[in-house]
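Written below as structure tokens is the structure these notes are about.
In this chain, residues are counted from 1 in sequence order.
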Amino acid sequence: MINRFQEHHTTEELQVLQLKSEVLDWEERLEVINAEIAFFSELFNSRFDDKIKVQINREDLRYLFQKFEEVKQYNDFHLSTIKDYKNKLEGLKECDDVQCENYFIKDHLLFKSSLNRHFKSLRELKKLSFKYLHMSFS
């Protein structure tokens with residue numbers, strides 16, 4: 001993003017570049033999360049306990065699988081929302097006053113907060129999954 005800064009950019013243009021950069025980062029993270037979810041879902045849906053002698057609690061396994069399915073739904077929702085949001089963000093260039101800019105900034109912060117909650121819940125689920133796997137293979 002720094003490469004895109006030029007001396008003739010206004011403060012508003014820099015703000016748009018920063019917001020767009022953040023949105024692209026979010027989109028990339030959401031796509032990686034889909035790969036992580038697919039990995040964990042396949043792992044927890046597999047019958048690895050038949051192949052490897054481990055202590056498996058089937059109820060815990062189903063719970064984790066279900067939680068990853070729920071996170072997948074939220075992740076897909078955020079991915080579709082972010083595509084719409086990128087288009088909406090183009091409107092920030094057309095703002096003529098502070099009130100208009102504040103509308104976009106507030107909207108951005110709300111979206112960011114929602115995504116941060118989603119990212120946090122996934123981190124907690126992955127931590128729980130690693131703990132479960134560690135206990136199962138110990």
Side-chain angles (χ1 to χ4, degrees):
M1 181 171 98
I2 292 176
N3 299 359
R4 298 174 60 192
F5 290 158
Q6 299 174 13
E7 286 186 33
H8 67 274
H9 281 306
T10 65
T11 304
E12 292 80 18
E13 290 171 329
L14 292 175
Q15 189 175 41
V16 170
L17 286 173
Q18 180 181 5
L19 294 179
K20 283 184 175 184
S21 175
E22 194 167 28
V23 170
L24 289 174
D25 181 56
W26 293 339
E27 187 173 32
E28 184 179 315
R29 288 175 72 183
L30 291 168
E31 289 169 355
V32 168
I33 287 170
N34 267 348
E36 292 174 334
I37 291 169
F39 169 79
F40 280 107
S41 293
E42 189 173 322
L43 177 67
F44 292 137
N45 198 32
S46 72
R47 308 250 330 148
F48 64 87
D49 61 319
D50 290 346
K51 298 170 186 138
I52 304 169
K53 299 297 179 205
V54 293
Q55 295 290 336
I56 297 293
N57 180 320
R58 295 260 178 232
E59 192 174 315
D60 289 346
L61 199 60
R62 278 191 295 276
Y63 172 81
L64 289 170
F65 179 76
Q66 177 187 355
K67 285 298 180 189
F68 274 104
E69 289 299 310
E70 290 172 12
V71 170
K72 170 92 171 100
Q73 290 175 358
Y74 284 113
N75 206 66
D76 289 343
F77 170 77
H78 285 301
L79 263 173
S80 67
T81 304
I82 209 162
K83 290 173 185 3
D84 294 336
Y85 182 72
K86 284 182 352 185
N87 292 331
K88 184 179 179 180
L89 195 58
E90 292 298 320
L92 182 58
K93 294 178 185 176
E94 307 301 321
C95 284
D96 294 340
D97 59 16
V98 174
Q99 185 178 7
C100 177
E101 289 173 11
N102 285 343
Y103 167 79
F104 281 98
I105 300 298
K106 181 180 177 185
D107 198 40
H108 186 82
L109 292 174
L110 289 172
F111 193 46
K112 182 178 186 173
S113 176
S114 175
L115 283 171
N116 283 337
R117 282 191 306 272
H118 174 61
F119 296 149
K120 182 179 181 184
S121 70
L122 178 66
R123 283 191 309 270
E124 290 169 356
L125 181 56
K126 287 190 312 186
K127 192 164 62 172
L128 180 63
S129 297
F130 290 135
K131 184 177 179 180
Y132 171 79
L133 289 168
H134 181 264
M135 288 181 350
S136 295
F137 286 92
S138 294

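S129 approaches F68 most closely through the heavy-atom pair OG-CE1, 3.1 Å. The two residues E27 and I82 make their nearest non-hydrogen contact at N-CD1, 3.6 Å. In terms of heavy atoms, E101 sits closest to L92 at CA-CD1, 4.0 Å. Heavy atoms only, all atoms of each residue included: L30 and H118 are closest at CD2-CD2, 3.8 Å.
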Legend entry - CA sep, side-chain torsions, deciding dist, call: K112, N116, side-chain contact (heavy atoms from CB on, under 4.5 Å): CA-CA 6 Å; K112 182 178 186 173; N116 283 337; 3.7 Å; yes
Inset, instruction - Step by step, work out the salt bridge (charged side-chain N to carboxylate O under 4.0 Å, His left out) result for D84 and K88. - result: CA-CA 6 Å; D84 294 336; K88 184 179 179 180; over 6 Å; no
Inset, instruction - Under the side-chain contact (heavy atoms from CB on, under 4.5 Å) rule, what do R62 and F44 come out as? Steps first, then yes or no, please. - result: CA-CA 8 Å; R62 278 191 295 276; F44 292 137; over 6 Å; no
Legend entry - Residue pair L64, F40: steps toward the side-chain contact (heavy atoms from CB on, under 4.5 Å) verdict: CA-CA 9 Å; L64 289 170; F40 280 107; over 6 Å; no
Inset, instruction - Show your working on side chain to side chain donor-acceptor pair (under 3.5 Å) between R117 and S113 and close with a plain yes or no. - result: CA-CA 6 Å; R117 282 191 306 272; S113 176; 3.0 Å; yes
Legend entry - Evaluation steps, side-chain contact (heavy atoms from CB on, under 4.5 Å), between T81 and F111: CA-CA 9 Å; T81 304; F111 193 46; 3.5 Å; yes
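Looking at S41, its side chain never comes within 3.5 Å of a backbone N or O of A38 through a donor-acceptor pair. Looking only at distances, no side-chain donor or acceptor of S21 sits under 3.5 Å from a matching main-chain atom of L17.
Clustering ILVMFWY residues whenever any of their side-chain heavy atoms sit less than 4.5 angstrom apart, transitively, puts Y63 in a cluster other than the one holding Y74. Residues L125 and F130 share a hydrophobic cluster, clusters being chains of Ile/Leu/Val/Met/Phe/Trp/Tyr side chains in contact below 4.5 Å. The same ILVMFWY cluster, assembled from side-chain heavy atoms under 4.5 Å apart, contains both L19 and L109. The same ILVMFWY cluster, assembled from side-chain heavy atoms under 4.5 Å apart, contains both V71 and F39. Under the 4.5 Å side-chain heavy-atom criterion for Ile, Leu, Val, Met, Phe, Trp and Tyr, V32 and F119 are members of distinct hydrophobic clusters.
Distance check, rounded to the nearest 0.5 Å: CZ of F104 to CD of Q99 gives 12.0 Å. Put simply, CD1 on I37 and CG on N75 are 4.5 Å apart, with the number rounded to the nearest 0.5 Å. Atoms CG and CD1, from L110 and I105 in turn, are 11.5 Å apart once rounded to the nearest 0.5 Å. Once rounded to the nearest 0.5 Å, the distance linking CG of N45 with CD of E69 reads 8.0 Å. Summarising the geometry, atom CG belonging to D60 is positioned 11.0 Å from atom CG belonging to L133; distances are rounded to the nearest 0.5 Å. Between atom NZ of residue K20 and atom CG of residue D25 there is a gap of 16.0 Å, rounded to the nearest 0.5 Å.
The residue from K67, K127, E36 that alone fulfils the side-chain contact (heavy atoms from CB on, under 4.5 Å) condition with L122 is E36. Across K72, Q73, H78, a single residue satisfies side chain to side chain donor-acceptor pair (under 3.5 Å) together with D76, and that is K72.
Within 6.0 Å of atom CG in D96, 12 or fewer heavy atoms from other residues, nucleotides or ligands are found, so the atom counts as exposed in its surroundings.
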